[in-house]
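So you know, we letter chains A, B, ... as the sequences are listed, proteins then strands, and number each from 1.
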Amino acid sequence: MAFTIELPDGSQREYPDGVTGFDVASSIGSRLAKAAVAVRHNGELLDLDRALPGDGSVEVITADSEDGLFIARHSSAHVMAQAVLDLFEGAHFAIGPPITDGFYYDFDIGRPFTPEDIVAIEDRMVEIIKEDQPFVRDEATTEEGLEIFKDQPFKTEIITDGEASQGAGDGVVTLYRNLDFVDLCRGPHLPGTGRIKAVKLLRSAGAYWRGDENRQQLQRIYGTAWNSKEDLAEYLERLEQAEARDHRKLGRELDLFSFPTDVGPGLAVWHPKGGILRKTVEDYSRTIHEEFGFEFVFSPHLAKSDLWHTSGHLDFYAESMYPGMVMDTTSDGSGTEYRVKPMNCPFHVLIYRSQARSYRDLPLRLSELGAVYRNELSGVVHGLLRARGFTQDDSHTFCRRDQVGAELAMHLDFVLTLLRDFGFDDFEADLSTRPEAKWVGEEELWDLATDSLRDALEAADVTYEVAEGEGAFYGPKIDVHVRDAIGRRWQMSTIQVDFSLPERFEIEYNDAENHRQRPVMIHSAKFGSVERFIGVLVEHYAGAFPAWLAPVQATIVPVADRHIEYAETTAAKLELVGARVEVDESSATVGEKLRRAITQKVPVVIVVGDNDIEHTSVGMRIRGSDDEERGVPLELAAERIRDIIASPGRS
RNA sequence: GCUGGCGUAGCUCAGUCGGCAGAGCAGCUGAUUUGUAAUCAGCAGGUCAAGGGUUCGAUUCCCUUCGCCAGCUCCA
């Protein structure tokens with residue numbers, strides 16, 4: 001019996017029964033056979049030495065492909081587990097998948113791994129790799145599997161649960177062996193350990209079994225694996241570059257903000273340079289909110305606990321709220337409890353409710369830069385990106401049903417315009433739909449809102465994924481993510497429909513027939529949090545902000561003291577075109593002053609000396625170009641700087 | 001919150017196998033007045049995160065607390 005295999009180029013070939021992926025690769029070419037690590041047969045990845053199960057398409061997976069790397073990392077995880085079981089008597093192992101750029105494996109050795117352990121494990125892995133042990137696939141019955149792993153509680157649980165992704169289920173378990181090491185695994189794997197070219201263990205940390213914080217905490221070791229030492233070095237270099245962009249580090253170096261320990265974790269103070277940056281960002285926010293038809297409101301930082309009961313926050317969100325404080329205590333000791341706000345929405349609802357509303361008032365779009373406080377767990381606080389106190393550019397739109405579609409489209413347009421103005425143009429959105437179990441509101445309204453969100457995404461041509469059932473209980477939403485300069489994904493904006501709060505606060509409007517109707521509410525945050533947004537900006541630009549955001553837009557360097565007066569004149573001239581200018585009057589050398597301005601990432605550095613005074617000119621050095629220009633007429637320099645610092649224009 | 005690592009000058013880091021605390025940068029003072037990425041010299045700067053314990057003696061060893069870092073969990 002023979003079967004027909006179709007190759008990716010569309011050609012078809014006949015192969016005898018029992019042909020393996022390796023045979024197919026060899027028949028195409030010896031170089032391909034050498035590079036092959038697995039094959040994809042009718043969409044399913046198979047080991048190279050496995051007999052193909054029948055007709056169909058075959059694609060040879062080479063080591064350097066994305067799938068190939070994934071397989072190499074998966075095999076690396078096995079080798080790591082093998083090393084750990086070799087080195088630690090009685091070690092238990094759980095699961096060890098490949099992940100982006102690497103792999104991990106979870107273990108229980110009765111204690112945490114020390115840094116020395118990690119070195120020893122890596123050394124042992126190198127030995128195993130050197131021995132080039134073949135990975136051998138095997139199948140066993142569930143009973144045999146339970147026998148093999150009788151000393152391994154986590155493996156036993158996986159087999160008992162019949163998890164297909166881990167190689168268990170349907171009464172059969174899949175095993176991979178190399179030497180005496182055997183693991184439960186769906187595969188596929190590299191032909192042998194020797195095909196792992198570059199591997200390095202990075203760190204270990206606690207991780208809950210099954211990701212459940214109520215279950216045992218295991219010790220997870222993370223590693224990375226690549227096809228060459230060069231790729232590995234490049235990856236480590238990339239990690240270092242990401243570290244150099246760390247907004248906490250740059251925030252200190254550029255004197256933007258700090259987190260004094262005297263204040264408390266997750267609570268930032270903004271220094272003057274950061275203050276200008278933040279003011280620029282907030283001014284922009286106010287302007288664009290006006291352009292998109294929002295009105296400004298303000299609300300206090302505290303409210304009675306009763307309000308948070310009405311809003312439901314004390315039912316669903318209490319853990320993230322700061323504890324209550326009792327005020328206006330009377331002689332009998334009773335008083336009124338207040339809570340610091342974790343969100344702005346209830347206040348905006350109260351503003352809506354402050355008067356009888358007509359259908360003609362809608363949509364009503366209320367916006368606030370509102371500081372909120374959330375009791376984030378101590379382990380999750382992370383600079384500006386995850387703070388306990390932060391400022392939301394929060395808006396709440398109240399509209400009629402027939403306005404939902406247009407409003408959501410407008411909100412998405414708003415969000416994308418704003419993100420583009422800050423230099424982000426790589427967007428990905430998540431559309432979260434109604435959860436299976438618990439939800440409020442009318443099904444029809446859910447469908448309307450969800451379809452409207454989808455239509456808006458389609459119309460805006462944003463790539464998006466549908467997160468089925470991932471919506472909140474009170475409404476569907478869009479989260480917009482951006483990719484930064486080094487490809488990291490950040491969640492920024494959110495547009496969230498809410499069917500719950502209008503119910504809870506019983507807000508209404510009178511329609512044209514004088515019937516009371518309930519408005520639909522749309523929450524939206526474009527920056528998300530001003531703090532977080534600026535944190536992401538710092539990392540995206542590595543501190544070298546676009547000129548309109550730069551705290552100092554031009555530094556003027558007098559060559560000698562006798563040029564200070566002319567430097568001041570120049571500064572005044574540039575301030576006239578709206579530039580934020582600084583004159584470096586220190587007694588440092590020109591080289592030192594320049595270096596200071598450049599390391600502070602000032603967009604324009606101006607040097608003035610005798611020649612410039614004589615010709616009313618300046619020397620100019622614009623960030624990003626290596627060459628300086630000399631003798632630029634002052635008028636011209638001012639005009640150019642005016643252009644450089646222009647805010648993003650929208651017609 | 002959990003697991004691990006780490007807290008030494010404003011910053012980056014040495015160091016102390018338990019015996020008077022070190023450098024570079026930044027700061028201050030003086031000299032230098034410089035044409036495109038660090039001029040020279042001097043000075044000052046520390047309860048070695050905080051509290052407790054062991055010890056003749058603790059920055060060093062032990063405990064507790066606080067904070068930071070990484071990961072997990074969380075981010076209705």
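- Separating the C1' atom of B:C11 from that of B:G51 is a span of 27 Å, rounded to the nearest Å.
- Here the two rings, on A:Phe103 and A:Tyr105, have centers that are 6.0 Å apart or farther.
- For B:G45 and B:A26, the C1' atoms lie 11 Å apart once the distance is rounded to whole Å.
- Rounded to an integer number of Å, the gap from OH of A:Tyr104 to C1' of B:U3 is 16 Å.
- Residues A:Leu419 and A:Phe427 are in side-chain contact: their nearest non-hydrogen atoms beyond the backbone lie under 4.5 Å apart.
- Comment: A:Lys341 engages A:Glu368 in a salt bridge, judged by a side-chain N to carboxylate O separation of less than 4.0 angstrom.
- A cation-pi geometry, defined here as NZ or CZ lying under 6.0 Å from the six-membered ring centre and within 45° of its normal, holds between A:Arg434 and A:Trp439.
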At a cut-off of 3.5 Å, list every protein nitrogen or oxygen paired with a nitrogen or oxygen from nucleotides 74-76 of chain B, distance to 0.1 Å.
from, atom 1, to, atom 2, distance (Å)
B:C74, O2, A:Arg386, NH2, 2.7
B:C74, N3, A:Arg386, NH1, 3.3
B:A76, N6, A:His313, NE2, 3.0
B:A76, N1, A:Tyr474, OH, 3.0
B:A76, N3, A:Tyr474, OH, 3.4

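- Toward the 5′ end of RNA chain B lies the nearest nucleotide of A:Pro112, the other residue of the pair A:Pro112 and A:Arg248 mapping further downstream.
- Pair assignment for B:G42 gives B:C28, based on Watson-Crick or G-U wobble hydrogen-bonding distances that are each under 3.5 Å.
- One C1' atom belongs to B:U12, the other to B:C69, and the distance between them is 16 Å to the nearest Å.
- A:Phe107 has its CZ atom 19 Å from the P atom of B:G71, to the nearest Å.
- Between the CG atom of A:Asp246 and the C1' atom of B:C68 there is a distance of 12 Å, given to the nearest Å.
- Looking only at atom types and distance, the side chain of A:Ser625 has no donor-acceptor partner in the side chain of A:Asp627 under 3.5 Å away.
- Checked against the 6.0 Å centroid threshold, A:Tyr352 and A:Phe505 do not count as a close aromatic pair.
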Using atom names, set out every protein N or O paired with an N or O of nucleotides 63-66 of chain B below 3.5 Å, distance rounded to 0.1 Å.
none

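- When the P atom of B:C2 is taken as reference, atom CZ of A:Arg210 falls 24 Å away, rounded to whole Å.
- For the pair A:Lys155 and A:Phe93, the distance from NZ or CZ to the six-membered ring centre is under 6.0 Å and the angle to the ring normal is within 45 degrees.
- Residue A:Tyr208 places a side-chain atom within donor-acceptor reach of the base of B:G1, judged by atom type and a 3.5 Å distance cut-off alone.
- Taking the six-membered ring for Trp and thresholds of 30 and 60 degrees, A:His523 and A:His396 have ring planes more than 60 degrees apart, a perpendicular arrangement.
- For the pair A:Tyr222 OH and B:U3 P, the interatomic distance rounds to 17 Å; values are reported in whole Å.
- Rounded to the nearest Å, the gap between the C1' atom of B:G35 and that of B:G30 is 25 Å.
- Atom CG of A:Leu202 and atom C1' of B:C69 are 15 Å apart (whole Å).
- Residue whose closest nucleotide on RNA chain B sits further toward the 5' end, between A:Thr261 and A:Arg220: A:Thr261.
- A 3.5 Å limit on both hydrogen-bonding distances identifies no Watson-Crick or G-U partner for B:A37.
- Across all strands shown, the partner of B:C13 is B:G22, judged by Watson-Crick or G-U wobble contacts whose two distances both fall under 3.5 Å.
- Pairing of B:G67, defined by two Watson-Crick or G-U wobble distances under 3.5 Å, is identified with B:C6.
- For the residue pair A:Glu539 and A:His247, a side-chain donor N or O sits within less than 3.5 Å of a side-chain acceptor on the partner.
- Distance, A:Leu254 CG to B:G10 P: 21 Å, rounded to whole Å.
- The shortest non-hydrogen separation linking A:Val583 to A:Ala571 is CG2-CB, 3.7 Å.
- A donor-acceptor pair is defined here as one N or O able to donate and one able to accept, closer than 3.5 Å; such a pair exists between the side chain of A:Arg580 and the backbone of A:Pro551.
- Rounding to the nearest 0.5 Å gives a distance of 7.0 Å between CZ of A:Arg124 and CG of A:Leu87.
- Salt-bridge formation is detected for the pair A:Asp430/A:Arg489: a Lys NZ or Arg NE/NH1/NH2 atom is positioned less than 4.0 Å from an Asp or Glu carboxylate oxygen.
- Comparing B:A58 with B:C62, their P atoms sit 16 Å apart, to the nearest whole Å.
- Pair check for B:A58 finds none; no Watson-Crick or G-U wobble contact set falls under 3.5 Å.
- Rounded to the nearest Å, the gap between the P atom of B:G7 and that of B:C61 is 10 Å.
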Per-nt protein contacts along nucleotides 30-42 of chain B (heavy atom under 4.0 Å; B base, S backbone sugar-phosphate only, - none) come out as --BBBBBBBB---
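- To the nearest whole angstrom, the two P atoms, one in B:U3 and one in B:A76, are 25 Å apart.
- Remark: the separation of the P atoms in B:A49 and B:G10 is 12 Å, to the nearest Å.
- Atom C1' of nucleotide B:C69 and atom CZ of A:Arg252 are separated by 12 Å, given to the nearest angstrom.
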